[in-house]
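Working notes, structure below.
Heavy-atom basis, side chains included; hydrogens, waters and symmetry copies ignored.
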Amino acid sequence: MQSPAINKAMDILRQLRTITEGQDTLPVKLENIVRLIAEQMSADAASFYIAVDGSRLELFAAYGLNPEAQHRVSFRFGEGLTGEVAQNNRTLNVADAWSHPKFAHKPELGEEQYKSFLGVPLIRWSRSIGVLSVQTREIREFSSLDVEILETVAMVLSEIVSSDEMAELKKGLSKGNNLNEREKLKGISLSKGYGLGTCIVHRRRQAVTKIFAEDKEKELHRLELAYGQMNADLDEKFASTKLGIGEHVEILDAYRMFARDKGWYKKIADNIHSGLTAEAAVERAYEDMWNRLSGTSDSYLKERLHDLRDVADRLQSYLSGDYGSIKGVNADDLIVVAQTMGPADLMDYDYSKIRGLIIEDGTPTMHVAIVAKALNIPVVAKIRGIFEEAKTGELIAVDGTDGYVYMRPSAVVQEKFRAKIAEKDRLQARLAELKELPAQTKDGVKINLYLNVGLAFDLDYIETTNCDGIGLYRTEIPFMASDVMPDVERQMGYYKELMDKAGDKKVIFRSLDVGSDKLLPYWGNVGEENPAIGWRSIRITLDRRAILRKQVRAFLRAAAGKELNVMFPMVANLSEFEEARETLLIELEREKRRGENVPSKVNVGLMIEVPSVIFQLDAILKQADFISIGTNDLAQFIFACDRGNPRLTERYDVLSAPFLSMMGEIVSKANAAGVYCSVCGEMASNPIEALALIGLGYRNLSMSGSSFGRVKSMVRTMNAEDVEDYVHTLLKSQKRTLRPQLISYAYDHGIEIY
């Protein structure tokens, strides 16, 4: 039995089809559409706004409002109730619009007599392309049935907005913003490097043209086949893709887990049972999830929404039969231009041929950008309009170092890019030669270089880099990739495999670090307002002590006969460390009493991530065998700055005097106490930041595998004593960042910081 909302929406859409298939011009069709919606929704007014340039909504059609307002009234994204809907991509249902704090009065609209407001976004590829709204004279909140009807109608109208006919209508509304009139375009760099190649515009899913199911069982069968085939192909694709180690591998593994999510599949099936086709059911499931989660400040959930968009689009392609290899360009050098992409989209191409990636809506934390960076593909983002203007087959050059894109570059520009690419190739060859050479400065100081890893089955970098060991093993990744909580035996298997592959090299395990932006599929979300400073990491495992006991038991058994190093994350005070350490030692004694083979030595440490522990550092260093600084979280908390917020990306810098002074104090105290001290955050992966750390006295750095060669090259071309003297003179500076001075110093002294 179909839901009342579906029945009502079907009725409206039948009449919409009659309008859209008629011979009227598009403006007339739009006027007829808003009149129909107002009448069918028992509303007194209806409005249809369309985004004309990515930041501004223009009124294209209205009913019950001033007819002369069309194409004269506009809202910026975020302005007024209409702009708020577009800005947040979320439905807004307000009983009394005039009392709402975001209400913006536009006298030319003639809406003074209206009170209530229901606005829904028209969404395409996770961004607002328009807003559909209805209003009534009386103060009332629209029912959930009304909301569902209007959202279903908006889903269909989004396809009209994206039509070629609409594109022609919009052409004259954004004069002077044609990218083809400019050759050099400025964006932001997400991955450094240079690329020159043939453009291929990354198109997303096919439009959903059929909304209502004629045969539910047939639609369910289609869904089951498409879902199974998609996941089988993803498993094969990821298994055959060698990407080394790091956050990018974790992202792809989490993506695959997301694609297999049974809860998401059930929501789609439920939508089919309510009367939708499989394609419409997938789209509806995505929009429901977006409406619930798009308002979150949690960076992990935001990226999960992007992944969900990609998974939904991928499933749509399997439902339509339009999947497989990318068609359109036969070239050895490709520049991919996308509005947005998921991490698996990159794997659809022969990524060995991709020379650059341009993502109009890209952010530094975007998963596809992280994967592209691991593949050494330059990435540039935030060039408004490039997705619409770029043409498949034309030549494009990407400067990922300075964030520029060159459309149809001249012969001179092409030659410059070829020279830069050749120089980079020579650098890569030189880095490969460093494998057998020691990580030692010119004045003979040994710097221990370790790897940060996440997946035990993909540890190629241990061999290819000849590293000193594993400075950070993220044990939460197997937990996140599992459908159920891994038991002791399963955990032990993960950890032992890592220990065996590392051989005699040092391995440091970090205990379970979940919560905040790392959610386990089998744990409910506690719904915290500030998850980054909420119930996470050691706070969870101390409260749920059985989880910690099982994990340290697995550590002990995996390291039998070898040295075991375990550190606890997110420790905020000495007592938390003491509790965690005591738990581990109790389990060690338990294993001994049972006659089990135990590690030859057990070292217990903690991560310095929470500023409060710095004030207890002297006491901590008396009990800890080692410490490791997680600069990502530490910087976030020191600067009170969400590191996932693109508006704050360049506002604060770890290469500032206050942050470096604090880092210097930590290593100074650790060295004085004779306690091993390392850095395992992003600072250690960036050559110029690693240079500063060595200047402060750090001798143990742990980094991503893709950064290892660059950091080692920097180490071998620097003089530690000279750098130390220079860095300490900089600590007196009051400048916002010391980065320019450090870069200049490196260039002046021949230190390689590529």
Side-chain angles (χ1 to χ4, degrees), residues 191-194 242-249 352 373-378 400-401 419-453 458-473 501-508 678-724 727 742-743 745-754:
S191 176
K192 296 185 183 302
Y194 302 92
K242 284 293 181 183
L243 285 173
I245 302 164
E247 186 179 5
H248 50 285
V249 183
S352 65
K373 187 175 183 179
L375 292 168
N376 292 314
I377 296 172
T401 301
K420 289 178 180 291
I421 292 167
E423 182 182 343
K424 181 183 176 183
D425 290 341
R426 288 192 295 271
L427 171 63
Q428 291 300 116
R430 189 159 73 251
L431 294 179
E433 296 172 357
L434 294 176
K435 176 183 175 182
E436 302 304 328
L437 301 176
Q440 185 171 298
T441 66
K442 291 167 68 174
D443 54 341
V445 177
K446 175 70 170 72
I447 308 297
N448 298 306
L449 302 182
Y450 301 92
L451 293 175
N452 297 336
V453 303
D458 198 359
L459 301 175
D460 295 343
Y461 274 128
I462 292 180
E463 180 181 351
T464 59
T465 62
N466 193 25
C467 63
D468 290 297
I470 307 300
L472 168 63
Y473 176 56
K501 288 186 177 181
D504 295 330
K505 297 179 186 290
K506 178 191 286 288
V507 174
I508 297 178
S678 69
V679 175
C680 61
E682 289 180 9
M683 278 189 79
S685 293
N686 187 321
I688 193 64
E689 292 168 11
L691 174 74
L693 291 172
I694 294 171
L696 293 172
Y698 286 91
R699 299 295 179 259
N700 303 292
L701 305 177
S702 190
M703 65 210 66
S704 63
S706 59
S707 301
F708 193 94
R710 294 164 55 232
V711 174
K712 190 173 186 178
S713 177
M714 179 275 295
V715 168
R716 289 184 53 80
T717 54
M718 70 175 286
N719 182 298
E721 185 176 354
D722 291 348
V723 170
E724 203 162 317
V727 168
L742 286 164
I743 291 174
Y745 178 90
Y747 284 140
D748 291 345
H749 292 79
I751 302 173
E752 296 181 353
I753 55 170
Y754 305 105

Query raised in the report: Should Val727 and Leu696 count as side-chain neighbours, where that means a heavy-atom distance under 4.5 Å?
Result: yes
**Report entry** Contacts of type side chain to side chain donor-acceptor pair (under 3.5 Å), residue Ser678, not counting sequence neighbours
**Finding:** Ser628
**Report entry** Over 12 non-hydrogen atoms of neighbours within 6.0 angstrom of CG in Asp504
**Finding:** no
Query - Test item: Asn700 and Leu449 side chains (from C-beta on) under 4.5 Å apart, heavy atoms - result: no
Query raised in the report: For Met703, does its backbone N or O pair with a side-chain atom of Ser685 as donor and acceptor, under 3.5 Å?
Result: no
Report task. In plain terms, say whether Glu724 and Arg699 are close enough for a salt bridge, that is, a side-chain N and a carboxylate O under 4.0 Å apart. Result -> yes
Report summary line: Rounded to the nearest 0.5 angstrom, the CD-CD1 distance for Glu689 and Ile753 is 11.0 Å
Query raised in the report: Within the side chain of Lys506, is there an N or O that forms a donor-acceptor pair under 3.5 Å with the backbone of Ile470?
Result: no
Requested in this report: Kindly indicate whether the side chain of Asn686, heavy atoms from C-beta on, has any atom under 4.5 Å from the side chain of Ser707.
Outcome: no
Query raised in the report: Can you find a pair of side-chain heavy atoms, one from Val723 and one from Tyr745, that are under 4.5 Å apart?
Result: yes
**Report entry** Heavy-atom closest pair, residues Gly709 and Leu434
**Finding:** O-CD1, 3.7 Å
Report task. Could you walk me through whether Asp722 and His749 pass side-chain contact (heavy atoms from CB on, under 4.5 Å), step by step? Result -> CA-CA 10 Å; Asp722 291 348; His749 292 79; 5.7 Å; no
**Report entry** Nearest-0.5 Å distance that lies between atom NZ in Lys192 and atom CZ in Arg710
**Finding:** 8.5 Å
Report summary line: Applying side chain to side chain donor-acceptor pair (under 3.5 Å) to Asp468 and not counting sequence neighbours gives Lys446
Query raised in the report: For the atom pair CD1 (Ile751) and CZ (Arg716), what is the distance rounded to the nearest 0.5 Å?
Result: 14.0 Å
Query raised in the report: With distance as the sole test, does Ser702 use its side chain to make a donor-acceptor pair with the main-chain N or O of Cys680 at under 3.5 Å?
Result: no
**Report entry** Heavy atoms from other residues, nucleotides or ligands near NZ of Lys505 exceed 12 (cutoff 6.0 Å)
**Finding:** yes
Query - Heavy-atom side-chain proximity of Leu693 to Leu701 below 4.5 angstrom - result: yes
Query raised in the report: Between the side chain of Lys712 and the main-chain N/O of Leu437, is any donor-acceptor distance below 3.5 Å?
Result: yes
Query - Any residue meeting side chain to side chain contact (heavy atoms under 4.5 Å, CB included) with Asp443, in chain and number order, not counting sequence neighbours - result: Thr441, Val445, Asn719, Ala720, Glu721
Requested in this report: Mind listing the closest non-hydrogen atom pair of Val453 and Tyr473 along with its distance?
Outcome: CG2-CD1, 3.4 Å
Query raised in the report: If you take all heavy atoms of Ala684 and Ala690, which pair is closest and at what distance?
Result: O-CB, 4.0 Å
Report summary line: Residues Ala692 and Leu742: closest non-hydrogen pair is CB-CD1, 4.1 Å
Report task. Determine yes or no for a side-chain-to-main-chain donor-acceptor pair under 3.5 angstrom, with Asn466 supplying the side chain and Glu436 the backbone. Result -> no
Requested in this report: Can you establish whether the number of heavy atoms outside Glu423 located under 6.0 Å from its atom CD is more than 12?
Outcome: no
Query - Rounded distance (nearest 0.5 Å) linking atom OH of Tyr194 with atom OG1 of Thr401 - result: 3.5 Å
**Report entry** Nearest atoms (heavy-atom pairs only) where Val507 meets Ala502
**Finding:** CG2-CB, 3.5 Å
